There are 2 protein chains.
Amino acid sequence: MKLITRNTDYALRALCYMSKHEGLVTVGRLVQKLGVPQPFMRKILQKLNKERILESHKGQGGGFKLKISPKKIYMVEIMRVFQGPLGLNGCFLKKDICPNKGKCVLRKKIRSIEEGVLGQLREITIASLI
Amino acid sequence: MKLITRNTDYALRALCYMSKHEGLVTVGRLVQKLGVPQPFMRKILQKLNKERILESHKGQGGGFKLKISPKKIYMVEIMRVFQGPLGLNGCFLKKDICPNKGKCVLRKKIRSIEEGVLGQLREITIASLI
DNA sequence: ACAAATGATACTAATATGGTATCATTATTA
DNA sequence: TAATAATGATACCATATTAGTATCATTTGT
Ligand code: FES
Ligand code: FES
């Protein structure tokens, strides 16, 4: 059971790198530094761009850079982008599966645990990692 | 990103049911009550038996029952059985992947979050769910 | 002996994750 | 203005995990 998948991981590393290096950074440079497959890294950066965490510049001399301060990039947000929102499993979400539905204790408990986890994750920003 | 997979879920429901009903419970009865595919449920119960959380009795009139008190069946243990130990991803574990290795801040942070999650999960027992 | 249960194990299907390949678009610069 | 070096978009493939099935063997009560 892993808390963090590979693309989240790579994204975090890329963001850390960029927060330490001002200006545009190309995918090529990143993979050289971080040892990650290039097309995969590219996909990841493109997603971060779409999510408006990075900004991109095309053409020669182009590349990516942080769009927002490392202090405002939360790890939990990166996890959400690549792993979807932290959630329960089918049973707890899709009510049709479960017979208990409303009065389920477990569901409430899990909810509160989630809140706890999120609370802790929310304290971690890229700035706090570098 | 789901915290709990289906087999964990089914296992929890089965354990809850059994803690409410003394005596042997057959797979057939469980799937009837919980609406879960029979062979899958069987596999799950067999695993719980191997893990010595349930005990089983073969033959006519047989079935499963709790081997230990619901107060001592921890949710985190059920998760471990079906989802493996709560852990980090490849990067953080397999050092060969990551260039940072020792001096990684993220790794430590994640560790501490894990401890927090585990701490909360450890408070949840089957007894606390029924 | 038979029926009703689990034990063991191998197999298949579906989904999620990890990763590639390719062509289109944009901007720099010689 | 054409070559080049970058990203955008998208479709595709590979692998791993999860979910579920199928089958035969074993045990036990009647
Ligand atoms: S909602 Fe399904 S067990 Fe609680
Ligand atoms: S161990 Fe890999 S980024 Fe920390």
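So that the names make sense, note that chain A is the first sequence line, chain B the second, and so on, each numbered from 1. Side chains included, hydrogens not; waters and symmetry mates left out as well; all remaining heavy atoms used. As the structure is a computational prediction, the values presented were derived from the model and not from experiment.
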task = For D:dT7, take OP1 and OP2 only and decide whether either is under 4.0 Å from a side-chain N or O of A:Asn49.
result = no
remark   = From NZ of A:Lys47 across to P of C:dG19 the rounded distance in Å is 15 Å
ask   = Just by distance, with hydrogens left out, do A:Tyr10 and A:Arg6 show a side-chain donor and acceptor under 3.5 Å apart?
value = yes
query = Within a radius of less than 6.0 Å around NZ of A:Lys65, do more than 12 heavy atoms belonging to other residues, nucleotides or ligands occur?
reply = no
query = When the distance from CD1 of A:Ile44 to C1' of C:dG19 is rounded to whole Å, what number comes out?
reply = 10 Å
message = What is the separation between atom NZ on B:Lys50 and atom C1' on C:dG7, rounded to the nearest whole Å?
response = 8 Å
task = Salt-bridge test for B:Arg80 and B:Glu51: reply yes if a basic N is under 4.0 Å from a carboxylate O, no otherwise.
result = yes
note = Rounded to whole Å, OH of A:Tyr10 lies from P of C:dT17 at a distance of 15 Å
query = Are any of B:Ser56's side-chain N or O atoms less than 4.0 Å away from OP1 or OP2 of C:dG7?
reply = yes
Rounded distance (Å) that lies between atom P of C:dG7 and atom CZ of B:Arg52 = 12 Å
key: Interatomic spacing from NZ in B:Lys20 to CD1 in B:Ile126 - rounded to 0.5 Å   = 10.5 Å
query = B:Arg29 has an atom CZ; how far is it from atom P of C:dT6, in whole Å?
reply = 13 Å
ask   = Could you state the CG-P distance from A:Leu24 to D:dA5, rounded to the nearest angstrom?
value = 17 Å
ask   = How close or far is atom C1' of C:dT20 from atom CG of A:Asn7, stated in whole angstroms?
value = 15 Å
task = Would you check if there is a donor-acceptor pair between the side chains of A:Glu123 and A:Ser128 at a distance under 3.5 Å?
result = no
remark   = 5' to 3', nucleotides 21-30 of chain D under a 4.0 Å protein heavy-atom cut-off (B base, S sugar-phosphate only, - none) gives B-B--BBBB-
remark   = Separation between CG (B:Leu15) and CE (B:Met18), nearest 0.5 Å, reads 5.5 Å
